[in-house]
Engineer: 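Sending over a structure as structure tokens; questions will come in a sec.
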Amino acid sequence: MMAKQSIKFIVVFLLVLVSFKSFADGGSSHHEKGNVIDTPQEIKDHIKHHLKDSHDFHLFSDNAAGKHYGFSLPVIVWTSKGLKTFMSSAFHHDDAGHVVVDKGDVKLTKIHSKIYELNAGATAVTFDDKHHATNAHKVLDFSITKSVVGMLLAGVLMFLGFVTLAKGYKKGPIPTGIGRLLEPLVIYVRDDIARPNIGEKKYRKFMGFLLTVFFFIWILNLLGLTPLGFNVTGQIAVTACLAIFTVVIYLFSGSKDFWAHTLWMPGVPVILRPVLAVIELVGFLLIKPFSLLVRLFANMTAGHFVVMSLIALTITLKESFGAVGSTGMSLVLALFISVIEVLVAFLQAFIFTMLSSLFIGMAVEEHDHH
Amino acid sequence: MVIPNLVGAGLIVLGGGLGLGQIGGKAMESIARQPEAAGKIQTAMIIIGALLEGLAFGALILGS
Amino acid sequence: MEMLLNDFSPGLFIMQAVILVILIFLMAKFAWRPILNSLSERESGIEDALKAAEKAKIDMENLQANNAKLLQEARTEREEMLKEAREMKTKLVEDAKTEANETAANMIAQAQAAIEGEKKAAIADLKAQVSNLSIDIAEKVIRTELSNKDKQVALVESMLGEATLN
């Protein structure tokens, strides 16, 4: 029953996606000379643009007709004059600060996927020679961006799937349907990630976090491989947030032994203890979360970069191999890397969860006093 | 003299690759020696690999 | 690094934190807790079932051992009973035989005694009759013989000759 509902949900969601509205482009500066992306610089820009978060759900463009297909998403920003909300279509796909949205008391513009508030009195953005805006500053951007949509989608998928599994246990001890796929994964996280690293006695408390994070990252990684073009786990803010959650959890659940060993390591000459304490603190507060967040971010970004570059081979190699040759080559290579990326999607979710539970295990461990 | 970023990146990748090669090679050897411990060795290998990867990526990011 | 910091969006960070907190809470409440509880219930159920099966097996073995023991005991008891019965039978037969023998011997002895008695009585009777008869004969002979003197003497003579025999 629930499985049917979730399938229905996915179908409805896809229908919403397909029934995008098209709207005319106002003043795009990026592709003035060409009608399609064909130069290396344009490909680079396109990839860079994709790797960033975006304020509208862009599916594809017809630059010859000056049309973009997709749908706009709500923009919610906290400006100096309070909360402002409007749809991203107000920017008319401008990403270079040309279109200024006048919201009465504040003027807003979008430069490289970031929303800037123009300083009082200014009507247009001016740039310095390094292309930094001189008369505008960034605002706190709570927009429902593409990444937020991706997170919500992943959350809804997870919720539907696992609530189905949970409800399935009421009918009998063996799950049916989608539960049969999900149950071994839950058992895998519990028995191969949480239990050996945290310990039999304490693992139960952290299962909620570990399971949620594992499936959240995995689903988002896989969503990134779909043509919808999400790059949620390639956003440094997202991975930073995940890493900081882990840090907060292991700092707040650290046992007495953990703090004793971190701050005043026993069995070491007294002179060395403060040095060790500094090293340990830096390790736990900075290096570990930094490596967590950077690993996930860099892996996903690199994966997207490589896949997109290989797809772009169809354009860049056209002159030397002909249309069919370059397309075939790019197809084979992109397929190969995509298969590896499917593995990486799982591996990164696994490693993030694994290292999180390892760190939590270090923090909650109670040593035998020696 | 300023070392260009790309050279730095190359050095990082070189070091990281050497490290990963060591980890992978030794893990393979251990698995060949003790095939029954393959699961544990694999997990340890992945963890160490991940730590190394974090280090290399950290350096790449700091350098970029 | 600079590019990265520039890319970092605090707003997205906050949105992600809010979504993640809500998601962890919802998932823990509606999915993970029931799933993990059902899993551990099922596992402990399986473990209990295995233990119960093991116990049943041991019980069964004990029972079988008991049965064998009982059977053995019953067999020896039966054997003993049979032996006893056999012994009793031979004893009874023996007893009956001796009794019968004794009775027979007694009866024979009594019969012999009776026969002896009868024989003695019959002999006594015969003796009396013979003596009576001989006295009668003697009377008659004497009457006839005493008429003739010579004959009397001859008779006495022969009688005396005969009388020495008895």
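So that the names make sense, note that chain A is the first sequence line, chain B the second, and so on, each numbered from 1.
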Engineer: Below 4.5 Å, heavy-atom pairs only: which of A/Ile244, A/Ile76, A/Leu242 has the largest tally toward chain C?
Structural biologist: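 If we count pairs closer than 4.5 Å to chain C, A/Leu242 comes out on top.
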Engineer: I'd like to know if C/Glu43 and A/Arg190 make a salt bridge, using a cut-off of under 4.0 Å between side-chain N and carboxylate O.
Structural biologist: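 Salt bridge flag = yes for A/Arg190 with C/Glu43.
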Engineer: Measure distances from C/Ile19 to the heavy atoms of chain A and classify the residue's part below 4.5 Å as side chain, backbone, both or neither.
Structural biologist: side chain
Engineer: Name the region of C/Leu26, side chain, backbone, both or neither, that has any atom closer than 4.5 Å to a heavy atom of chain A.
Structural biologist: both
Engineer: Indicate, with yes or no, if the rings of A/Phe162 and A/Phe215 have centres closer together than 6.0 Å.
Structural biologist: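 Yes, they do, as the ring centres are separated by less than 6.0 Å.
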Engineer: Does any backbone or side-chain atom of C/Val18 lie under 4.5 Å from a heavy atom of chain A? Answer side chain, backbone, both or neither.
Structural biologist: neither
Engineer: Would you check if the distance from the ring center of A/Phe209 to the ring center of A/Phe216 is below 6.0 Å?
Structural biologist: no
Engineer: Would you say the side chain of C/Met15 lies within less than 4.5 Å of the side chain of A/Ile144, judging by non-hydrogen atoms?
Structural biologist: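 Of all side-chain heavy-atom pairs linking C/Met15 with A/Ile144, at least one is under 4.5 Å.
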Engineer: Please determine whether the number of non-hydrogen atoms from other residues, nucleotides or ligands lying under 6.0 Å from atom CD of C/Glu139 exceeds 12.
Structural biologist: yes
Engineer: Taking A/Leu182, A/Leu211, A/Val139, A/Leu165 one by one, which has the highest count of heavy-atom pairs under 4.5 Å against chain C?
Structural biologist: A/Leu211
Engineer: Select one option (side chain, backbone, both, neither) describing which atoms of A/Val238 are under 4.5 Å from chain C's heavy atoms.
Structural biologist: both
Engineer: Report the C-alpha distance between A/Phe230 and A/Phe57 in whole Å, list the side-chain angles of each, state the deciding distance to 0.1 Å, and finish with yes or no for ring-ring contact (aromatic ring centres under 6.0 Å, His included).
Structural biologist: CA-CA 9 Å; A/Phe230 287 109; A/Phe57 209 109; 5.4 Å; yes
Engineer: Measure A/Lys170 against the heavy atoms of chain C and call it side chain, backbone, both or neither at under 4.5 Å.
Structural biologist: neither
Engineer: C/Pro34, C/Ser9, C/Ser38: which one forms the most heavy-atom pairs within less than 4.5 Å of chain A?
Structural biologist: C/Ser38
